[in-house]
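Working notes, beginning with the structure itself.
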Amino acid sequence: MSRRRDHGVAAVGDGDRLMGYVIMVPGLAVQGYLRPSAARLRAEGHEVDLLPPIGWPESGTDLDGYAARIVRHAERHGPVDLLIGLSVGTQAATLAAAGTGAVRRLLLISPTIDPARRSTAAALRAWSRGEQHPDSPRLSVQAHDWVRAGPTGIYRGLQSVIMMRLEEELPRAADPGRPVTVVHGEADQLSPLPFALDVAGRAGARMLIIPDAPHSWPIGDGDRFAALVSDLIMEPGYGRMPAREDVTSADRGR
């Protein structure tokens, strides 16, 4: 199958479908739970790079340094049709997008860290409670990744991200005219809805609430995730949405 870059998307010889180059930035010290989601996008024909997370030895534990690595990756392999940040990855993806013109669109899923959890104790309490959702990652998957990071990698990575104010940084990434979408899972117990709304509103971003989805979305929801990614990539660019836009519910394939 031949693939070429054409007007911001990777055009693939498959009817009218437009495929893109996607980079996924995972949360703190975890990656394995996102591999099925990355595979689902590849099955749709997208080029996907699932990056190692902050906290792993190859990524380091400094948020600014990690974002700089993403910038170098995007500029080497891009342009990037969609940069996806998940959980703590929303912070790294935002800093990276603000630092390069190689990112065309930004998707932030389960944004962190809200002001009430910007201390080590509060963040660890929220993280340790986890979520009792049918689609939440199995402990065995998470534990394998945590071992790779080690206690030091997890702790230092958390310290680096804990004071990053996403609500203040995202407007820089959204300007000038880069389409930004913020996603909140309806069942998310780690990232509160008011924080996601505030983040989106300050940046003029599109806000989506995914019904019956946990913080770890899109795990277990490949069809709906793939549909959202394809919709964003195919959209020529909707510009900055009004700050008080009504919340839209993305409810596909489920």
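If you read the sequence from its start, that first residue is 1, and numbering goes on from there.
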Subject >> Backbone of A173 reached by a side-chain donor or acceptor of R178 within 3.5 Å >> reply: yes
**OP:** Could you pull out all residues at least two apart from F225 that satisfy ring-ring contact (aromatic ring centres under 6.0 Å, His included)?
**Re:** W217
Would you be so kind as to tabulate the donor-acceptor pairs closer than 3.5 Å made by side chains of residues 22-29, with sequence neighbours excluded?
none

Original post:
How close do R40 and D223 get, heavy atom to heavy atom, and via which atoms?
Top reply: NH2-OD1, 2.8 Å
**OP:** Answer whether the closest heavy-atom distance between the side chains of T112 and S191 falls below 4.5 Å.
**Re:** yes
Subject >> P192 side chain reached by R117 side chain, heavy atoms, under 4.5 Å >> reply: yes
Subject >> Student check: side-chain heavy atoms of R69 and R72 closer than 4.5 Å >> reply: yes
**OP:** Answer whether the closest heavy-atom distance between the side chains of V183 and L228 falls below 4.5 Å.
**Re:** yes
Subject >> Any side-chain donor near an acceptor of the partner, H73 and D49, under 3.5 Å >> reply: yes
Original post:
Quick one: do V71 and L82 end up in the same hydrophobic cluster if we chain Ile, Leu, Val, Met, Phe, Trp and Tyr together by side-chain heavy atoms under 4.5 Å apart?
Top reply: no
**OP:** Measure the spacing between CE of M163 and CZ of R165 and express it to the nearest 0.5 Å.
**Re:** 4.5 Å
Original post:
Considering all heavy atoms of both residues, which atom of P211 and which atom of R224 are nearest to each other, and what is their separation?
Top reply: O-NH2, 3.0 Å
Original post:
OG1/T181 to CG/L232 distance, rounded to the nearest 0.5 angstrom?
Top reply: 4.5 Å
Original post:
L158 versus L124: any side-chain heavy-atom pair under 4.5 Å?
Top reply: yes
Original post:
Hey, any chance L108 and L197 share a hydrophobic cluster, counting ILVMFWY side chains that come within less than 4.5 Å of each other, even indirectly?
Top reply: yes
Subject >> side chain to side chain contact (heavy atoms under 4.5 Å, CB included) evaluation trace for L106 with L170 >> reply: CA-CA 10 Å; L106 186 59; L170 184 57; 3.8 Å; yes
Subject >> Flag side-chain contact, heavy atom, 4.5 Å: I162 against I113 >> reply: yes
Original post:
Between L95 and W56, is there a shared hydrophobic cluster once you connect ILVMFWY residues whose side-chain heavy atoms come closer than 4.5 Å?
Top reply: no
**OP:** Measure the CZ-CD distance between R202 and E169 for me, rounded to the nearest 0.5 Å.
**Re:** 11.5 Å
Subject >> Side-chain (Q189) to main-chain (P214) donor-acceptor, under 3.5 angstrom >> reply: no
Original post:
Y21 and V48: same hydrophobic cluster, using ILVMFWY side-chain contacts below 4.5 Å?
Top reply: yes
Original post:
Do you know which two heavy atoms are closest between I70 and L83, and how far apart they sit?
Top reply: CG2-CD1, 4.4 Å
Subject >> Heavy atoms of other groups near R156 CZ, more than 12 under 6.0 Å >> reply: no
Subject >> Inter-residue atom distance I219.CD1 - L34.CG, 0.5 Å rounding >> reply: 7.5 Å
Original post:
What is the minimum heavy-atom distance between L50 and Q31, and which atoms define it?
Top reply: O-NE2, 3.4 Å
**OP:** State, yes or no, whether a side-chain contact exists between M207 and L193 at a heavy-atom distance under 4.5 Å.
**Re:** yes
Original post:
Just by modelled atom types, is the A213 backbone N or O under 3.5 Å from a matching donor or acceptor in the E186 side chain?
Top reply: no
Original post:
Side-chain contact, heavy-atom cut-off 4.5 Å: E167 with F195?
Top reply: yes
Original post:
Which value, rounded to the nearest 0.5 Å, describes the distance between E47 atom CD and M19 atom CE?
Top reply: 12.0 Å
Original post:
Looking only at heavy atoms, which two atoms of H46 and G20 are closest? And how far apart?
Top reply: ND1-N, 3.0 Å
**OP:** Among S216, S110, P218, find the residue that satisfies the side chain to side chain contact (heavy atoms under 4.5 Å, CB included) test when tested with L86.
**Re:** P218
**OP:** Assess the side chains of E75 and T100: does a donor N or O sit below 3.5 Å from an acceptor N or O?
**Re:** yes
Original post:
Just how far is it from atom CD1 of I109 to atom NE2 of H184, taken to the nearest 0.5 Å?
Top reply: 13.0 Å
**OP:** Determine the minimum heavy-atom distance between A122 and A116, stating which atoms define it.
**Re:** CB-O, 3.7 Å
Original post:
With hydrophobic residues grouped by side-chain heavy-atom distances under 4.5 Å, do Y155 and V88 end up in a single group?
Top reply: no
Subject >> S59 side chain vs P53 backbone, donor-acceptor pair below 3.5 Å >> reply: yes
